[in-house]
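Throughout, protein chains are lettered first and strands after them, A, B, ... in sequence-line order, and every chain is numbered starting at 1.
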2 protein chains.
Amino acid sequence: MEKLDDTDLKILRILQKNSKKTTKEIAEMLNLTASPIYERIKRLENKGYIKKYVALLDKVQLNNPITAICMVSLRYHNEGFIDTFENQIKALKEVQECYHMAGKVDFFLKINMDSLESYHEFVRLKLSKIENIGVLESSFVLKEMYSTTELYI
Amino acid sequence: MEKLDDTDLKILRILQKNSKKTTKEIAEMLNLTASPIYERIKRLENKGYIKKYVALLDKVQLNNPITAICMVSLRYHNEGFIDTFENQIKALKEVQECYHMAGKVDFFLKINMDSLESYHEFVRLKLSKIENIGVLESSFVLKEMYSTTELYI
DNA sequence: CTTGAAAAGGCGGGGTC
DNA sequence: GACCCCGCCTTTTCAAG
């Protein structure tokens, strides 16, 4: 697809805020009818601009009130070691995000837990079992000041 | 609401993966009819277990391929300073997440950008304009190895 | 983009166990 | 209290112009 026009961007902005908006509602907001909105959304989905639709759940009510940021550096940095690390991390369901970084540490991990004790067990039983970890430093979120899945587009 | 039962949890697991699943489809997966699924979802929404429904967009295709993690420490830590910082950060649309931390640094910020030059401008013109920042250290994501909005429930 | 029409799903009442 | 059945209405979906 060529470039997105202004209407496409407006649709994306609406849907990343609230994907339950109907094509009709969006059409009214943009002074159009439902059909062109429908077609544009389908196009945006097919071209991959929209990756997926998800429900965002409440961490606290679902017993995951603890968020930890864990910084990890490897001892050795061969390609094989990095791939192995990636696969081992992906197997850990508690890890919500894992980024390979340029900077002081090799990886940032964001981890959700029900308690600090669980985090202790997680590090003791799972993370530290991964070979080749050189440095492991954890920080805990005191307060989620701001968090969104929206892109600034 | 009391505790969630197994059916509620299964519904939440499905919806946080794909919120476009219809009540009918979910009903088939759980060997029920659409009505109880519908009622349960409404209850989960009303009680706040489901916070919102959103479309997740593609960073790269939407010209935000650069993700930075920025660690900030304040010089002074009075209540007023922290609140001021919070409000100033919330005004910056490029910031996707901001966490007040316990650990070496006071805040973690996740920031999306179209380029390193933009990030440079962002730090120069916006972040560094915020009073009271003592330490500011940026790391860049080389590769998003794993990232999900799903909770492990 | 518009019109229009068929199919599907959201929604809600009433009933069963 | 949780589930099932059924009908209405809205929305989705997709033609053709």
Toward the 5' end of DNA chain C, by each residue's nearest nucleotide, A:K20 or A:E39: A:E39
Single-linkage hydrophobic cluster, 4.5 Å side-chain cutoff, B:Y152 and A:I89 together: no
Spacing of [X] atom [atom1] relative to [N] atom [atom2], expressed in whole Å:
X	N	atom1	atom2	answer
B:Y53	C:dG10	OH	P	10 Å
A:K21	D:dT11	NZ	P	12 Å
B:E25	D:dT12	CD	P	15 Å
B:I37	C:dC11	CD1	P	14 Å
B:E28	D:dC4	CD	C1'	15 Å
B:D5	D:dG1	CG	C1'	11 Å
B:I41	D:dA2	CD1	C1'	15 Å
B:K24	D:dC6	NZ	C1'	13 Å

Shortest non-hydrogen contact between B:T149 and B:Q16, atoms and distance: O-OE1, 4.3 Å
Under-3.5 Å donor-acceptor pair between B:S35 side chain and C:dC11 base: no
Under 3.5 Å donor-acceptor pair, B:T33 side-chain atoms to D:dC5 base atoms: no
Below 4.0 Å: OP1/OP2 of D:dT11 and any side-chain N or O of A:Y38: no
Touch class at under 4.0 angstrom, heavy-atom based, for A:T22 against every strand present: sugar-phosphate
A:F85 ring center within less than 6.0 Å of A:F107 ring center: yes
Within 45° cone and under 6.0 Å: B:K90 NZ/CZ vs A:Y146 ring: no
B:K110 side chain to A:Y99 side chain, donor-acceptor N/O pair below 3.5 angstrom: yes
Nearest-neighbour nucleotide for the A:T23 side chain, D:dC3, D:dT12, D:dA15 considered: D:dT12
Nucleotide of D:dT13, D:dT12, C:dG10 approaching A:K42 most closely (side-chain heavy atoms): D:dT13
